[in-house]
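As C-alpha cells, the structure follows; a few thoughts come after it.
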Amino acid sequence: MCETLETTLSTVLRVPVRLTVAGRTDAGVHASGQVAHTDVPASALDTRSIGGDPARLVGRVAKMLPDDVRIKKVSTVSPHFDARFSALRRHYRYRLTDAVFGAEPVVARTTAAWRRPIDVDAINQASSVLVGLNDFAAFCRRREGATTIRDLQRFTWTRDVDGVLIGEVSADAFCWAMVRSLVGAVASVGDGRRDVEWCRALLDERERSAAVPVAEARGLCLIGVDYPAAAELAARNAITRDMRVAATDGAQGCCGDGWR
C-alpha cells in the first residue's frame, strides 16, 4: 500500500515522493488512522489541479487509488514534524469473534475467529497485568539491535452488540508482531487454557516465547496516532530517537518502516 501511495503521489506532484509512516503494519493488518509525511518543494503543489492547496490532493488522488487505499486528509506541517519520531503513542483495535460459526461474512475481512469461547473478565484480567513499562521480548520477533521495552498504556476488551470482542491497545510504540502476540496470549487465558500468572510470567522472559500464539492479522487495525503540540515536536523527536534509533539497525524499507 505504501508503494501504491508513493507512486500515485509522485505521478500527481511530478516529483519523487518518499513517505515516512507512523507505524509499519504486518501483512494483512489494516490501518484506518495511519499518518505519513513527505518533503516536497512548494512548486510541486502549484499546479492547476492543486492550486497551491495541499488539501485538494485528497480528491485528486482518490480518482487514481484502488478501492482499498484512501488518503483522508492532507496539510502542511512544521518542518520538525516526523510521522514516526514525533508520535507519542499508537492506538490499535482488534476484532475477535468466538462464535462457533466464525466471523459474519460481511465483516470477515476485518474480524478474526477464535475457536473456543472466551470469558471477557478473564481476558481483561490477563490484559491488565501486561499494562505498563515492560520488556515485551516474549511477544516480539527479535531484530538485531532493537529494544523490546515498550510502555503499554491501554489493553482492554468489551463485547459489541453483535457479540464480537473488541480489544483496544495503546502504547508508545510496538515491536514487530507484538499486538497480535499480546492478543494471542490473553485470548489463551480468556478461553481457559492458560491462567493470569502464566501471562504475567511472560514479562520475565527475554526471548520470543514459542508458547505465545500469534493472532490472525485480519482482526488488527491501526486506528490512530497521537502527536504533541507543534512547539514540542523537536523535543519529542530527540527523545524518541535516543530511545529507538538502535531499532532501525541502519536499515530502511518502504515508508521508512524501521520500527513502529
Side-chain angles (χ1 to χ4, degrees), residues 1 21-35 68-70 72 87-132 134 136 138-140 150-196 198-200 202-203 212-227 260:
M1 296 305 179
V21 301
R24 174 179 51 80
T25 56
D26 304 332
V29 174
H30 310 285
S32 63
Q34 182 67 274
V35 178
D68 59 348
V69 183
R70 281 294 177 268
K72 296 189 286 188
L88 293 172
R89 64 191 62 84
R90 285 90 172 161
H91 305 283
Y92 281 85
R93 179 170 294 145
Y94 197 92
R95 291 175 50 86
L96 183 66
T97 179
D98 57 354
V100 294
F101 53 79
E104 292 274 7
V106 293
V107 293
R109 187 168 175 267
T110 58
T111 306
W114 197 264
R115 298 305 180 184
R116 297 176 176 83
I118 293 176
D119 180 87
V120 177
D121 289 338
I123 198 173
N124 272 310
Q125 289 173 16
S127 298
S128 68
V129 303
L130 300 176
V131 173
N134 297 299
F136 289 94
F139 304 89
C140 297
R150 296 290 187 267
D151 182 14
L152 184 61
Q153 300 169 1
R154 182 185 183 189
F155 196 11
T156 60
W157 294 86
T158 56
R159 282 193 189 273
D160 68 11
V161 293
D162 296 317
V164 174
L165 284 154
I166 307 296
E168 304 287 351
V169 192
S170 301
D172 59 342
F174 292 91
C175 308
W176 184 19
M178 177 177 162
V179 181
R180 294 167 58 201
S181 297
L182 288 169
V183 171
V186 299
S188 297
V189 176
D191 70 16
R193 288 181 296 160
R194 300 284 190 175
D195 59 29
V196 173
W198 170 81
C199 206
R200 191 197 312 273
L202 290 170
L203 296 175
V212 174
V214 180
E216 292 180 285
R218 61 175 171 163
L220 184 59
C221 184
L222 173 64
I223 62 171
V225 185
D226 294 342
Y227 293 95
R260 59 180 169 183

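Just so it is clear, the structure is predicted and the values come from calculations on it, not from any experiment. All heavy atoms count here, side chains included; hydrogens, waters and symmetry mates do not.
With Asp172 contributing its side chain and Asp151 its backbone, the two residues share a donor-acceptor pair below 3.5 Å. No side-chain donor-acceptor contact under 3.5 Å links Gln34 to the backbone of Leu222. Within the 3.5 Å criterion, the main-chain N or O of Ala22 finds a donor-acceptor partner in the side chain of Arg90. The backbone N or O of Ser32 sits less than 3.5 Å from a side-chain atom of Lys72, completing a donor-acceptor pair. A distance-only check finds a donor-acceptor pair linking the side chain of His30 to the backbone of Arg109 [under 3.5 Å]. Judged by distance alone, with hydrogens and angles left aside, the side-chain atoms of Arg93 form no donor-acceptor pair with the main-chain N or O of Leu220 at under 3.5 Å.
Taking both residues in full, the closest heavy atoms of Ala215 and Gly184 are given as CB-N, 4.1 Å, listed atom of the first, atom of the second, then distance.
Taking the charged nitrogens against the carboxylate oxygens, Asp98 and Arg159 do have a contact shorter than 4.0 Å, which makes a salt bridge.
Put simply, the side chain of Leu130 reaches to within 4.5 Å of the side chain of Phe139, judged on heavy atoms. Side-chain contact between Ile166 and Arg95 is present, with heavy atoms from C-beta onward closer than 4.5 Å. Side-chain contact between Glu216 and Val183 is absent, with no heavy-atom pair separated by less than 4.5 Å.
Sorted by first and then second residue, the pairs that involve residues 173-194 and meet salt bridge (charged side-chain N to carboxylate O under 4.0 Å, His left out), not counting sequence neighbours, are Asp26-Arg180, Asp191-Arg193.
A distance of 4.5 Å separates CD1 of Ile123 from CH2 of Trp157, quoted to the nearest 0.5 Å. We find the CG-SG distance between Leu182 and Cys140 to be 7.5 Å, quoted to the nearest 0.5 Å.
A search for salt bridge (Lys or Arg N to Asp or Glu O under 4.0 Å) contacts involving Glu104 returns nothing, not counting sequence neighbours.
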